[in-house]
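Structure first, commentary second.
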Amino acid sequence: IGLVQKADGAKRTALYQGELTRAQGERLYFQDGTVLRLGPGLRMPDDARGLTTAHIDAERGVVEGAVFPPATPTTRPENS
């Protein structure tokens with residue numbers, strides 16, 4: 001996925017950036033075949049798509065947050 005970072009006293013985290021093709025349940029599916037699992041209590045919008053940065057808890061192996069483009073006619077033309 002990427003380098004694991006650990007700041008003083010903080011937990012180990014990794015970043016992953018890729019083209020999100022769909023979010024289904026607790027899974028995030030990316031164009032390159034990567035599938036990530038969301039952490040407990042997190043949910044992605046069903047229409048989330050596009051270049052996404054996922055923040056991963058390296059100890060638990062789950063996504064603890066993600067940044068993705070807002071739904072617009074450009075990012076998700078099927079919704080316009």
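For the numbers below, each heavy atom of this structure counts, side chains included, while hydrogens, waters and symmetry mates do not. Count residues from 1 along the sequence.
- Using a 4.5 Å cut-off on side-chain heavy atoms (C-beta onward), Arg37 and Val63 make no contact.
- For the atom pair CG (Leu38) and CD (Glu26), the distance works out to 7.5 Å, reported to the nearest 0.5 Å.
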Assess whether side chain to side chain donor-acceptor pair (under 3.5 Å) is satisfied between Gln31 and Thr21, documenting all intermediate values. CA-CA 6 Å; Gln31 188 173 33; Thr21 58; over 6 Å; no

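- A continuous path of hydrophobic side-chain contacts links Leu28 to Phe68 [ILVMFWY only; heavy atoms under 4.5 Å].
- Contact of the Gln17 side chain with the Leu51 side chain is registered, since non-hydrogen atoms from C-beta on lie closer than 4.5 Å.
- Residues Leu36 and Ala54 share a closest heavy-atom pair of CD1-CB, 3.9 Å.
- With rounding to the nearest 0.5 Å, the separation of CD in Glu59 from CD in Glu64 is 11.0 Å.
- With contacts defined as side-chain heavy-atom distances shorter than 4.5 Å, the pair Val35/Phe30 does not qualify.
- No side-chain heavy atom of Leu20 sits under 4.5 Å from any side-chain heavy atom of Arg22.
- Criterion: ILVMFWY side-chain heavy atoms under 4.5 Å apart, direct or through other members. Under it, Val62 and Tyr16 are not part of a common hydrophobic cluster.
- Of the possible donor and acceptor atoms, one in the side chain of Thr52 sits under 3.5 Å from a partner among the backbone N and O of Gly50.
- Hydrophobic cluster membership for Val67: none, as no Ile, Leu, Val, Met, Phe, Trp or Tyr side chain comes under 4.5 Å of it.
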